[in-house]
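Read through the structure below, which is laid out as structure tokens, and then see the notes.
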Amino acid sequence: MTTKQITAAVGGAAIALTAYLTWTVKTGVHGFYSNQYSTISASPSARQAHADWLKRQGANLDAIYGADSRVGTSSQGTLADLIIRERRSGVRSVAMPYSSASSVTSGLNAYNRAVVDSAKIDAVISEIEPYNTNDYAGFYSTIRSVGNWCRTNRVMPCVYMGWPSEAAWDSIVANADRVFLHCYRASTSMSGSSQYGYVRARMGTIAAKAKARGKKMSVVIIYSCEPEFSYDYFRAASWNEAYANYKTAYNTSATADMKNWLTQDGWMVFVSQYAKQIKP
């Protein structure tokens, strides 16, 4: 695979398809946000224990909080070892949540050039929430810089998002290839119809922006297993069950534009600290 961008015509619009690193999970995401980095990376046995836990959960994507402060530093060898152990346990994609452009364009740039292929990070996820910071200009600048870097380096540019302004979706669709969409529901509100109702309006906006640009967007649904959200639900249900119910509701109720311009590509669970309590 090369870094060449391939142009395709869909509905009369040109789409640039970026070639990612070969192990990037493009669909069927079963993933977790891993936190408590100091604990899970503390020793070889701790790193292996975390990799083994991910394997038991059937994970194929791990987003590692704390990676952004280790890449490009003297401690990145420990991160590389953790990632290699995860990949040996079946985790194909490893993503780095970030909040500044430099952690990607400088730190990750140095890291991915220094490590062996099996330790490389193949996706990044913006953790910037401009609806909280009110710094939309900074958000636009950051995801533009990161998106440009990603397309040169075969890394998937992704954005975690809750409730931004409508204008922000234009920039997100232009500069990212995947949206990790907030669907934090209480344990009593995890039916498929409840989930779809919660994301429906945002999904419609993303589809409209994608259609206007002639670019299909990948969407991954994020659940929170924190005690105030779906902790109790997941104690009784599998990780896959919530998403299966969502997909049934989506397939029944989604608009034609949603189905034509969005790909529903799986689920993520936030965060490993509580997920390990629920399913050790």
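Bear in mind that the values here come from a model prediction, so they are computed numbers and not experimental data.
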Please round to the nearest 0.5 Å and tell me the distance separating atom [atom1] of [X] and atom [atom2] of [Y].
X	Y	atom1	atom2	value
L79	I84	CG	CD1	10.0 Å
K276	I40	NZ	CD1	6.0 Å
R113	K120	CZ	NZ	8.0 Å
Q273	T39	CD	OG1	9.0 Å
M156	I125	CE	CD1	10.0 Å
M203	C183	CE	SG	8.0 Å

Counterpart residues, salt bridge (charged side-chain N to carboxylate O under 4.0 Å, His left out), relative to D81 (two or more places apart):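 Residues passing salt bridge (charged side-chain N to carboxylate O under 4.0 Å, His left out) with D81: R47, R85.
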[X] versus [Y], closest heavy-atom pair with distance:
X	Y	answer
V220	V29	CG2-CG2, 4.1 Å
E86	H50	OE2-CD2, 3.4 Å
P97	A95	CD-O, 3.6 Å
C225	I278	CB-CD1, 3.7 Å
R151	N175	NH1-O, 3.5 Å
C158	F180	CB-CE1, 3.4 Å

Counting C-beta onward and ignoring hydrogens, is there a side-chain heavy-atom pair between [X] and [Y] closer than 4.5 Å?
X	Y	value
I64	I83	yes
W169	M161	yes
V124	L108	yes
S126	Y160	no
T152	N148	no
Y198	I221	no
V219	Q264	yes
W261	T255	no

State whether the side chain of [X] and the backbone N or O of [Y] hold a donor-acceptor pair below 3.5 Å, judged by distance alone.
X	Y	answer
S141	A137	no
S272	N35	yes
K259	N251	yes

Contacts of S165 that satisfy side-chain contact (heavy atoms from CB on, under 4.5 Å) - sequence neighbours left out: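 S165: side-chain contact (heavy atoms from CB on, under 4.5 Å) contacts with Y136, Y140, A167, A168.
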Under the side-chain contact (heavy atoms from CB on, under 4.5 Å) test, residues paired with A249 that sit two or more places apart: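 With neighbours one apart ignored, the set is Y196.
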Pair Y33 and Y65, ring centroids less than 6.0 Å apart: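 Y33 vs Y65: aromatic centres under 6.0 Å.
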Aromatic contact, W267 with F32 (centres under 6.0 Å):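 Yes; F32 has its ring centre under 6.0 Å from that of W267.
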With [X], which residues qualify under side chain to side chain donor-acceptor pair (under 3.5 Å), at least two apart?
X	answer
W239	Q57
D122	T24, R87, S93
T27	D265
S189	none

Full working for side chain to side chain contact (heavy atoms under 4.5 Å, CB included) between N153 and N112: CA-CA 9 Å; N153 291 276; N112 269 8; over 6 Å; no
Where at least one partner belongs to [range], residue pairs that pass salt bridge (charged side-chain N to carboxylate O under 4.0 Å, His left out), sequence neighbours excluded:
range	result
residues 162-175	E166-K209, D170-K209
residues 56-78	none
residues 222-248	D232-R235
residues 124-140	none

Candidate pair R200 and S253, rule side chain to side chain contact (heavy atoms under 4.5 Å, CB included), full reasoning: CA-CA 9 Å; R200 178 183 58 208; S253 302; over 6 Å; no
Full working for side chain to side chain contact (heavy atoms under 4.5 Å, CB included) between S118 and W23: CA-CA 9 Å; S118 56; W23 46 83; over 6 Å; no
Name of the residue among Y250, Y246, Y223 meeting side-chain hydrogen bond (donor to acceptor under 3.5 Å, both in side chains) with Q195: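 So, applying the side-chain hydrogen bond (donor to acceptor under 3.5 Å, both in side chains) to Q195 and each of Y250, Y246, Y223, only Y223 qualifies.
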Criterion side chain to side chain contact (heavy atoms under 4.5 Å, CB included) on H30 and N240, from CA distance to verdict: CA-CA 8 Å; H30 296 169; N240 291 314; 3.5 Å; yes
Over 12 foreign heavy atoms within 6.0 Å of NZ, K55: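 No.
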Non-neighbouring partners of Y233 that pass ring pair (Phe, Tyr, Trp, His ring centres under 6.0 Å), sequence neighbours left out: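 Once residues adjacent in sequence are excluded, Y233 has no partner under the ring pair (Phe, Tyr, Trp, His ring centres under 6.0 Å) criterion.
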